[in-house]
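Notes to accompany the following structure.
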There are 2 protein chains.
Amino acid sequence: MAEGGGPGGESLLFLTDEQLRKGIEAMFFAYRGFTADPDRILQEYGYGRAHHRAIHFINRSPGTTVNNLLSILGVTKQSLNRVLRALIEDGLVESVVGTRDKRERHLYLTEAGATLERELSDAQRARMRAAYRQAGPEAVTGFRTVLEAMMDPELHRRFVALKEN
Amino acid sequence: MAEGGGPGGESLLFLTDEQLRKGIEAMFFAYRGFTADPDRILQEYGYGRAHHRAIHFINRSPGTTVNNLLSILGVTKQSLNRVLRALIEDGLVESVVGTRDKRERHLYLTEAGATLERELSDAQRARMRAAYRQAGPEAVTGFRTVLEAMMDPELHRRFVALKEN
DNA sequence: AGTTTAAGTCAGCCTTGTTGACATTCCAAG
DNA sequence: CTTGGAATGTCAACAAGGCTGACTTAAACT
């Protein structure tokens with residue numbers, strides 16, 4: 001399994017089990033930091049990460065359909081429905097019957113929803129910005145490159161599609 | 001909020017809200033990939049991510065105490081206890097009363113536990129290795145730099161301490 | 001007309017987190 | 001030696017947020 005800088009060739013030290021384990025643990029700890037700030041804010045409103053994710057992607061693709069959201073989030077419709085129902089009842093999300101296809105519901109953030117979205121993403125971006133600034137542009141490029149290579153191919157396809165939106 | 005390459009100075013394009021948002025979404029999608037393989041294996045054994053985390057850190061620091069593990073994992077003792085109890089009952093983890101301080105329990109993986117640990121970390125490392133190889137050594141350095149900058153200071157301290165173990 | 005699709009709903013289950021209360025054990029300080 | 005506090009464990013109850021399965025409604029497609 002180990003893959004250290006053997007006699008063979010170019011330094012592949014970055015692929016040793018030890019290096020890989022450090023990367024794995026870094027992902028674990030960093031993800032905790034990544035979600036910490038929004039989690040604190042959400043708690044004040046009685047929401048969880050699931051609500052955050054829904055709000056994020058509705059803000060990002062206003063008018064998206066429920067099915068669309070389902071495939072991006074990778075959860076069941078029952079799970080998403082519970083979250084959406086709360087957000088709609090609380091007046092943060094609006095559900096609009098489709099005009100072309102009346103079976104579809106198009107989702108939009110209300111003013112209140114957009115306000116919460118801004119609060120959440122401001123906090124998360126602040127953390128990200130600090131990390132990016134501290135690490136520098138080259139590190140950021142590498143960061144993004146590795147993250148993209150780590151995604152499931154299907155999710156990466158989706159991610160790339162999102163970018164060009 | 002936006003911070004684009006203003007008139008001021010060196011290109012800070014990598015700090016625009018748009019770039020930050022892409023980074024946030026990349027973290028979200030990449031973390032899914034990161035946990036996907038172990039999750040599949042765990043399901044076969046009727047375990048969840050919480051069990052994986054416990055097994056990982058016990059393997060990494062054999063003989064660690066429960067309190068130690070608690071502060072690394074960041075959960076309550078009740079939560080961890082439920083997980084540990086299952087692992088001990090199933091014969092994957094051994095709990096040894098401390099010799100110096102008999103209140104403490106030192107945790108070790110059994111043979112069976114080490115086997116599962118290997119299966120899990122082989123899968124996770126394979127994903128990591130593929131991503132690292134695809135991205136290249138420089139990207140990996142940047143990846144690690146940004147992740148470390150993203151951690152809470154307290155967690156980063158812990159992470160650094162773990163490395164030199 | 002019949003089938004498929006989008007969405008929603010109800011019921012129930014599991015994992016994994018949380019609090020709070022309480023028992024046990026045992027080190028260490030008075 | 002006694003007592004206070006620390007480390008551990010356990011019980012009970014609860015919540016979020018996943019899941020499956022079954023079923024309805026409405027609209028669209030064929």
Side-chain angles (χ1 to χ4, degrees), chain A residues 28 31-32 35-36 38-58 63-90 93-108, chain B residues 28 31-32 35-36 38-58 63-90 93-108:
Chain A
F28 172 63
Y31 201 77
R32 288 249 294 271
T35 56
D39 281 355
R40 263 189 293 276
I41 295 167
L42 288 158
Q43 207 175 355
E44 295 170 23
Y45 291 83
Y47 293 133
R49 263 181 224 179
H51 302 84
H52 184 189
R53 293 195 281 263
I55 288 173
H56 175 95
F57 284 107
I58 293 172
T64 189
T65 64
V66 173
N67 252 5
N68 236 317
L69 206 49
L70 278 180
S71 62
I72 287 173
L73 296 177
V75 297
T76 59
K77 67 175 174 177
Q78 293 93 328
S79 225
L80 177 58
N81 198 257
R82 182 168 33 197
V83 165
L84 279 182
R85 206 186 312 159
L87 292 174
I88 291 169
E89 273 171 14
D90 296 351
V93 167
E94 200 182 0
S95 169
V96 178
V97 173
T99 48
R100 216 194 49 187
D101 185 336
K102 292 178 191 166
R103 288 171 306 180
E104 295 179 339
R105 304 299 144 90
H106 299 277
L107 303 168
Y108 299 90
Chain B
F28 172 63
Y31 202 77
R32 289 247 295 270
T35 56
D39 281 355
R40 264 189 293 276
I41 294 167
L42 289 158
Q43 206 176 355
E44 294 169 24
Y45 291 82
Y47 293 133
R49 264 181 225 179
H51 302 84
H52 183 189
R53 293 195 281 262
I55 288 173
H56 175 95
F57 284 106
I58 293 173
T64 188
T65 63
V66 172
N67 250 8
N68 236 318
L69 207 49
L70 277 180
S71 63
I72 287 172
L73 296 177
V75 298
T76 60
K77 65 177 174 176
Q78 293 92 331
S79 219
L80 176 59
N81 196 257
R82 181 168 35 199
V83 166
L84 282 180
R85 206 186 316 158
L87 292 174
I88 292 169
E89 274 172 14
D90 296 353
V93 167
E94 201 183 357
S95 168
V96 178
V97 173
T99 48
R100 217 195 49 189
D101 185 336
K102 292 178 189 165
R103 288 167 302 179
E104 295 179 341
R105 306 299 143 92
H106 299 277
L107 303 168
Y108 300 90

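Per chain, numbering begins at 1; letters A, B, ... match sequence-line order.
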When we call it a touch if two heavy atoms are under 4.0 Å apart, what does [X] touch: a base, just sugar-phosphate, or nothing?
| X | answer |
| --- | --- |
| A/R85 | sugar-phosphate |
| A/R49 | sugar-phosphate |
| A/G74 | sugar-phosphate |
| A/H106 | nothing |

Worksheet item: Would you say the side chain of B/R103 and the base of D/dA6 hold a donor-acceptor pair, judged only by whether the two atoms sit under 3.5 Å apart?
Response: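 Indeed, a donor on one side and an acceptor on the other fall under 3.5 Å apart.
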
Worksheet item: A/D39 versus A/L42: any side-chain heavy-atom pair under 4.5 Å?
Response: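 In short, these two side chains touch, coming nearer than 4.5 Å.
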
Worksheet item: Within less than 4.0 Å of OP1 or OP2 of D/dC19, is there a side-chain N or O belonging to A/T76?
Response: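 So the side-chain polar atoms of A/T76 do come within 4.0 Å of the phosphate oxygens OP1 or OP2 of D/dC19, strictly under.
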
Item to complete: Test side-chain contact (heavy atoms from CB on, under 4.5 Å) on B/T64 and B/F57 and set out the steps.
Response: CA-CA 8 Å; B/T64 188; B/F57 284 106; over 6 Å; no

Worksheet item: Atom CG of B/L42 to atom P of D/dC19: distance rounded to whole Å?
Response: 16 Å

Worksheet entry | Residue that, paired with A/H51, satisfies side-chain contact (heavy atoms from CB on, under 4.5 Å) out of A/D90, A/L87, A/V93 |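 Result for side-chain contact (heavy atoms from CB on, under 4.5 Å) with A/H51: A/L87.
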
Discussion item. Taking the nucleotide of DNA chain C with the nearest heavy atom to each, does B/Q78 or A/N67 sit closer to the 5' end?
Written reply: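 Final value for this comparison: A/N67.
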
Discussion item. For A/Y45 and A/Y47, take the angle between the two ring planes, folded into 0 to 90°, and tell me which bin it lands in: parallel under 30, tilted 30 to 60, perpendicular over 60.
Written reply: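 Plane angle under 30°, so parallel.
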
